[in-house]
Enquirer: 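So that we are looking at the same thing, I have put the structure below in structure tokens.
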2 protein chains.
Amino acid sequence: MPKPVADRGKAAKAAAPVNSDTHGPGGGRRHFLNRTLLVDTAISVIEEDGPEALTFRRLGAELEVAPTAVYRHFPDKDALLRALGDRLLEVALEGFVPGEDWRSTLHAAAVTARRAYLSHPRVATLAVARATTNEATFRFADICLGALRSTGLDTAVAARFYLALVDLTLGSAALEAAFAGQDAAVLAEDDAAWSGKLLEIAAPEYPNLVAAAPHLRGAYRDDHFEALLSLLLDAVSVHLPGSAEY
Amino acid sequence: MPKPVADRGKAAKAAAPVNSDTHGPGGGRRHFLNRTLLVDTAISVIEEDGPEALTFRRLGAELEVAPTAVYRHFPDKDALLRALGDRLLEVALEGFVPGEDWRSTLHAAAVTARRAYLSHPRVATLAVARATTNEATFRFADICLGALRSTGLDTAVAARFYLALVDLTLGSAALEAAFAGQDAAVLAEDDAAWSGKLLEIAAPEYPNLVAAAPHLRGAYRDDHFEALLSLLLDAVSVHLPGSAEY
DNA sequence: TTTTCTTTGTCAACACCGTTGACAACGTGC
DNA sequence: GCACGTTGTCAACGGTGTTGACAAAGAAAA
């Protein structure tokens with residue numbers, strides 16, 4: 001389970017000013033905070049109480065630290081948010097090893113990235129909205145491009161397929177995360193609205209929707225992501241130097 | 001050009017209290033605001049100055065109205081945001097007519113939806129993060145599902161393909177919108193970072209990335225969306241009742 | 001050791017945000 | 001004429017990101 005760290009000072013007493021006595025005399029008050037600790041704490045806050053709960057004051061309370069201490073490690077909140085997205089990919093790629101052939105490598109990379117985002121849907125929703133220029137993204141790109149080029153594929157074509165793969169993977173993950181990241185109450189209400197009988201009454205002018213409604217709600221999203229991914233990988237096969245062009 | 005309306009009171013004097021004299025004696029002060037006017041103004045604000053510029057105070061100033069007047073039409077800001085996303089699809093589908101066969105209909109629907117989101121990238125970035133249960137979504141779904149079912153395809157299979165189509169279209173649009181919605185300054189900086197020579201120095205451990213970098217930046221995203229879409233539509237063809245299964 | 005400097009956390013304050021509740025003006029129906 | 005609901009106004013509240021001056025802990029230099 002990905003449950004990040006962030007254990008120190010879990011139950012902070014609201015925003016009570018830090019009593020200098022409570023922090024051990026020889027204790028490591030100095031150099032206590034760092035980027036990863038802040039990021040992991042932020043992630044756990046979002047996952048617990050939603051994106052709107054992530055504030056500097058909350059973050060400070062969680063770590064028993066003055067809210068503004070965060071500014072020593074991130075210039076502003078946007079930078080913190082971007083770091084969250086980066087971290088998601090980072091932990092996902094931590095134990096990643098390429099497969100034996102290009103196809104299994106690409107498949108594993110896509111599935112890994114997808115899982116990374118879906119494991120923290122509410123963080124992902126925030127993160128996808130910002131472009132990333134970070135180490136993890138570079139590594140991910142290099143792995144995928146390497147697999148594609150190892151087939152003898154022209155670099156330009158490989159680049160095109162890589163972009164398609166990213167679109168497919170991150171795009172569908174973003175959509176699904178947005179959906180999964182909602183409050184349970186909203187989710188249940190939504191489910192009721194789409195569940196057939198109700199829809200039939202509410203929107204009789206959409207017969208096809210009404211007919212297909214039951215199939216839309218119970219669908220296993222993972223399955224049809226796999227299907228789309230296979231489609232793309234098949235398309236790569238066809239373009240391989242060895243095979244007929246079309 | 002999609003430039004929405006919102007012309008009344010363009011140059012608002014900061015947040016100066018509304019002088020009751022400035023509003024024509026017989027003028028239509030009452031019943032002046034309405035949902036669509038607010039939504040269109042909100043969209044133009046976001047497109048001009050970014051999502052963070054959309055505040056009730058700004059919205060009020062733009063329309064020469066007290067900020068809290070908005071609350072007479074939307075219960076809270078989240079509702080306003082959701083309305084923005086709905087409106088995007090709504091205007092896109094306004095003039096939409098299905099094509100002659102199922103394939104051209106699906107193609108047109110996907111391209112139309114994509115264009116709708118990309119025409120207002122910064123709004124789309126906000127909107128995709130909220131689930132939509134609105135009229136426009138229903139209509140879009142019904143059109144696509146109708147086209148799929150008209151081929152004789154089983155309803156369950158049609159539903160699967162529809163979900164795949166949505167994933168592909170909205171997902172890639174969301175990603176691209178997130179990218180396009182950034183400040184020009186950030187965009188230029190990003191471009192520099194990925195432009196090959198710089199990358200080569202910064203990240204020598206990623207040879208495949210360095211080799212492919214030039215092809216990644218200049219890529220026409222529309223083109224490879226079309227390619228992905230064709231892939232999906234081809235897959236639909238294969239599953240048609242008339243053709244051999246595999 | 002003493003002195004100086006940089007780093008890192010603290011604190012009070014700022015402007016702005018979404019939101020609320022009481023109030024006023026208008027148009028409608030009795 | 002008069003009550004009434006609708007719609008816009010205004011002042012105020014608590015919470016937010018952010019700033020700048022300050023203090024303490026170590027590192028570096030004397």
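The basis for the numbers below is simple: all heavy atoms, side chains too, and nothing from hydrogens, waters or symmetry mates. Proteins get letters first, then strands, A, B, ... in listed order; numbering begins at 1 in each.
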Enquirer: Do nucleotides 15-22 of chain D as a string where each nucleotide becomes B, S or -: B if the base has a protein heavy atom under 4.0 Å, S if just the sugar-phosphate does, - if no protein is that close.
Expert: -BBBB-B-

Enquirer: Give, for atom CD1 of Ile46(A) and atom CG of Leu54(A), the distance between the pair rounded to the nearest 0.5 Å.
Expert: 4.5 Å

Enquirer: Just the rounded figure in Å: distance from P of dT7(D) to CG of Leu38(B).
Expert: 12 Å

Enquirer: Taking only the side-chain nitrogens and oxygens of His73(B), find out if one of them lies under 4.0 Å from OP1 or OP2 of dG8(D).
Expert: yes

Enquirer: Measure from NZ or CZ of Arg114(B) to the centre of the six-membered ring of Phe225(B) and say whether it is under 6.0 Å with the direction within 45° of the ring axis.
Expert: yes

Enquirer: Using side chain to side chain contact (heavy atoms under 4.5 Å, CB included), reason through Val45(A) and Thr55(A) one step at a time and then give a plain yes or no.
Expert: CA-CA 9 Å; Val45(A) 166; Thr55(A) 69; over 6 Å; no

Enquirer: Does a side-chain N-to-carboxylate-O contact under 4.0 Å join Asp86(B) and Arg82(B)?
Expert: no

Enquirer: Over how many whole Å does the gap from Leu37(B) atom CG to dT7(D) atom C1' extend?
Expert: 14 Å

Enquirer: Would you call Arg139(B) and Glu135(B) a salt bridge, using N to O less than 4.0 angstrom?
Expert: no

Enquirer: Drop me the distance from Phe140(A)'s CZ to Leu209(B)'s CG, to the nearest 0.5 angstrom.
Expert: 11.5 Å

Enquirer: Give the rounded distance in Å between these two atoms: CG of Leu59(B) and C1' of dC17(C).
Expert: 14 Å

